[in-house]
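Input: a single structure, listed below in structure tokens.
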Amino acid sequence: MLRWVWRQLTSMRTALQLLLLLAVAAVPGSLFPQRRANPAVVTQYLKDNPDTGPWLDRLQMFDVFSSVWFSAIYLLLFTSLVGCVLPRTKAHLTALRSAPPRTPRRFSRLPQHGSIVLNGGRAEMPDPDPTTAIKDAAAILRKLRYRVDLRDADTATPSVGAERGFMKEAGNLLFHTALIGVLISVAIGGMFGYRGQKLIVEGEGFTNALIGYDSFSPGTNFNPDNLTPFALTLNDFDVRFNRDDQATYGQPLDFTARMTVQENPDQPAEDRVLKVNAPIGIGGTNVYLVGNGYAPIVEIRDGEGNIAFSGPVPAQPTDSAYTSTIVIKAPDANPDQLGFVGFFLPTAVMNDEGLAFGSDPDPFNPRLNLNSYYGDLGLDDGTPRSVYQLDTTDLTQLNGRDLDAGGIVLEPGQTYELPEGRGSITFDGLKRFVALDITYDPGKIGALIFSTLALTGLILSLINARRRAWIKASATPGGGTTLEYGLLARGEDAGLHNEAARLEQALLSRWGLTPPHEPGKLVPPPGTPQHK
């Protein structure tokens with residue numbers, strides 16, 4: 001039973017089925033949010049779907065690529081490929097060293113066959129004897145890239161066996177071996193790689209340490225000591241919008257982040273440029289530009305007149321005009337903590353109803369629209385809180401459109417005094433920020449190399465055909481020599497007919513004979529006149 005199971009597992013059909021099953025098993029990873037990529041989205045999905053969410057979580061639909069069932073398919077595919085490739089490689093090496101199969105007795109049983117009679121009796125080209133004729137035929141087969149083996153050269157019926165197309169099986173083996181390499185490379189990347197996200201405001205920097213990331217997804221065998229000790233600083237970020245074509249007016253044309261990068265403490269810093277689809281490579285780690293926006297600079301003073309918060313606050317863009325949501329928290333304010341939530345408009349325009357909306361992504365008329373709250377921000381109980389959300393459950397609202405105090409509307413340089421003497425907020429200026437995706441994948445180069453080898457092997461297996469040919473020479477009664485030839489393909493080969501015609505034409509040309517049919521046509525069926 002174990003032997004039977006092993007034979008079934010290591011068959012090529014099973015390997016192909018497992019490869020298809022692996023592709024199907026990866027589909028839920030694109031249908032459901034993945035905890036490793038964005039745990040906050042998974043948490044929100046579970047809250048929004050209290051009935052189906054827990055069941056999907058039990059089935060590991062939010063951890064597809066590290067789930068038990070996906071890993072089982074992955075390991076079975078790996079085992080199947082290894083068990084399939086090794087025996088076939090051994091058989092292929094044996095076939096390379098062995099001689100072509102013995103010459104058949106009856107060529108008429110082969111799918112392509114024919115005969116040529118050499119009895120012209122011409123003085124300028126005398127009829128060869130069987131031994132000479134078979135040697136000349138072997139030379140022709142070699143020119144046609146066959147591996148030849150002369151047999152019975154000293155007898156009355158010498159023959160030659162030939163074989164070609166070993167690159168087809170070699171390409172097939174290369175493809176499957178490279179596929180194993182791709183699986184290993186992907187596994188190495190998943191085990192020892194990592195991926196993190198970081199938001200950096202102009203003038204600020206980042207050091208490649210766990211504490212510096214906004215979010216971080218390590219591999220299963222990740223070691224923090226292996227982090228590349230690089231540092232980078234965002235000097236400035238420039239976005240160029242279309243101002244020439246009315247049809248695409250305001251659409252972004254180019255994003256350019258000018259950064260100062262230091263690969264390690266012993267090397268000098270250098271200026272680098274980061275663009276979309278043009279990452280910065282730092283010691284095997286790639287830094288990608290994946291997002292950007294505005295960061296209004298605000299200063300918050302509490303009810304005692306002390307500065308509770310000061311600095312840029314990233315606002316999250318929501319549309320092409322960079323209308324952005326913003327949350328500001330001042331946990332150090334006294335006597336109560338302060339919180340602000342609202343939106344930022346780079347170019348604010350008022351409609352007929354007195355509502356502001358964004359009309360352009362460039363900051364031609366920047367404006368902050370905020371509501372304010374005071375109370376407990378919930379940051380002191382150890383519960384993780386998103387910096388982009390404000391939980392107003394335990395807060396009391398100070399400002400808002402529906403309150404007597406109204407909402408807070410600020411332009412650069414303006415200050416607003418909060419009601420009830422709770423403090424003030426000042427809009428000091430504006431900076432830009434970039435969102436970076438920092439990845440390290442040690443298996444990436446291996447995956448590229450093995451993918452290229454797999455493609456090469458696939459091409460070799462498709463353009464080559466495994467074929468065998470035999471030619472036998474014998475003396476013709478009354479003088480002359482008769483050559484019989486036959487061809488056989490391993491598997492289906494639609495080009496075998498043309499190959500036989502090519503061999504026939506080469507043999508006829510060697511002795512200056514003219515075929516009775518048009519060159520390139522298929523070999524005539526049995527019963528047609530022989531070539532003389």
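Keep in mind that what you see is a predicted model, and the values were worked out from it rather than measured.
Summarising the geometry of Ile425 relative to Leu370, their closest heavy-atom pair is CD1-CD1, 3.7 Å, with the distance given to 0.1 Å. When every heavy atom of Ala25 is checked against every heavy atom of Phe70, the shortest pair comes out as CB-CD1, 3.8 Å. Contact detail for Pro366 and Leu430: the closest heavy-atom pair is CB-CD2, 4.4 Å.
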Intermediate values then yes/no, side chain to side chain donor-acceptor pair (under 3.5 Å), Thr426 and Asp428: CA-CA 6 Å; Thr426 303; Asp428 287 330; 5.0 Å; no
Ring pair (Phe, Tyr, Trp, His ring centres under 6.0 Å) assessment of Tyr213 paired with Phe206: CA-CA 8 Å; Tyr213 284 93; Phe206 165 75; 5.1 Å; yes
Test log, rule ring pair (Phe, Tyr, Trp, His ring centres under 6.0 Å), inputs Phe222 and Phe216: CA-CA 11 Å; Phe222 170 75; Phe216 191 80; 5.3 Å; yes
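At least one donor-acceptor pair under 3.5 Å links the side chain of Gln60 to the backbone N or O of Val68. Checking side-chain atoms of Ser372 against main-chain N and O of Asn399 turns up a donor-acceptor pair under 3.5 Å. For the pair Lys198 (side chain) and Gly212 (backbone), a donor-acceptor distance under 3.5 Å is present. Ser451 places a side-chain N or O within 3.5 Å of a backbone atom of Ala447 that can act as its donor or acceptor partner. When atom types are taken as modelled, the side chain of Asn464 and the backbone of Lys168 share no donor-acceptor pair closer than 3.5 angstrom.
Around the CZ atom of Arg3, the shell of radius 6.0 Å holds no more than 12 heavy atoms that belong to other residues, nucleotides or ligands. Around CG of Asp404, the count of heavy atoms belonging to other residues, nucleotides or ligands within 6.0 Å does not exceed 12. Counted within 6.0 Å of CG on Asp402, heavy atoms from surrounding residues, nucleotides or ligands total 12 or fewer; the atom is thus considered open. Residue-environment remark: CZ (Arg195) stays at or below the threshold of 12 foreign heavy atoms within 6.0 Å. The 12-atom threshold is not exceeded at CD of Glu492, counting heavy atoms of other residues, nucleotides or ligands nearer than 6.0 Å. Remark: Gln389 CD is loosely packed, at most 12 non-hydrogen atoms of other residues, nucleotides or ligands lying under 6.0 Å away.
The pair Arg432-Asp236 fails the salt-bridge criterion, with no side-chain N (NZ, NE, NH1 or NH2) lying under 4.0 Å from an Asp/Glu carboxylate O. Here Arg258 does not pair with Asp271 in a salt bridge; the nearest charged N to carboxylate O distance is not below 4.0 Å.
Side-chain atoms of Gln316 and Thr325 form no donor-acceptor pair, as typed in the model, at a separation below 3.5 Å. Judged by distance alone, the side chains of Ser461 and Asn172 never bring a donor and an acceptor atom under 3.5 Å apart. Between the side chains of Asp437 and Thr439, no donor-acceptor pair of N or O atoms lies under 3.5 Å. There is no side-chain donor-acceptor pair under 3.5 Å between Asn226 and Tyr440.
In this pair, Phe237 and Phe255 present their aromatic rings parallel. The plane angle is below 30°, not in the 30 to 60° band.
Within the 4.5 Å cutoff, no side-chain heavy atoms of Val64 are placed close to those of Phe32. By the 4.5 Å heavy-atom criterion applied to side chains, Asn306 and Asn334 are not counted as neighbours. Two residues are said to be in side-chain contact when any heavy atoms from C-beta on lie closer than 4.5 Å; Val313 and Phe344 fail this criterion.
One finds the CZ atom of Arg13 at 13.0 Å from the CG atom of Leu18 (value rounded to the nearest 0.5 Å). Atom CD1 in Ile282 sits 8.0 Å away from atom CD1 in Ile438 (nearest 0.5 Å).
Cation-pi geometry between Arg243 and Tyr249 is met: the NZ or CZ atom falls under 6.0 Å from the ring centre, inside 45° of the normal.
None of Thr347, Asp362, Asn292 except one satisfies the side-chain hydrogen bond (donor to acceptor under 3.5 Å, both in side chains) rule with Tyr322; the exception is Asn292.
Among pairs with a residue in residues 314-343, those fulfilling salt bridge (Lys or Arg N to Asp or Glu O under 4.0 Å) read Asp336-Arg422, at least two apart in sequence or across chains.
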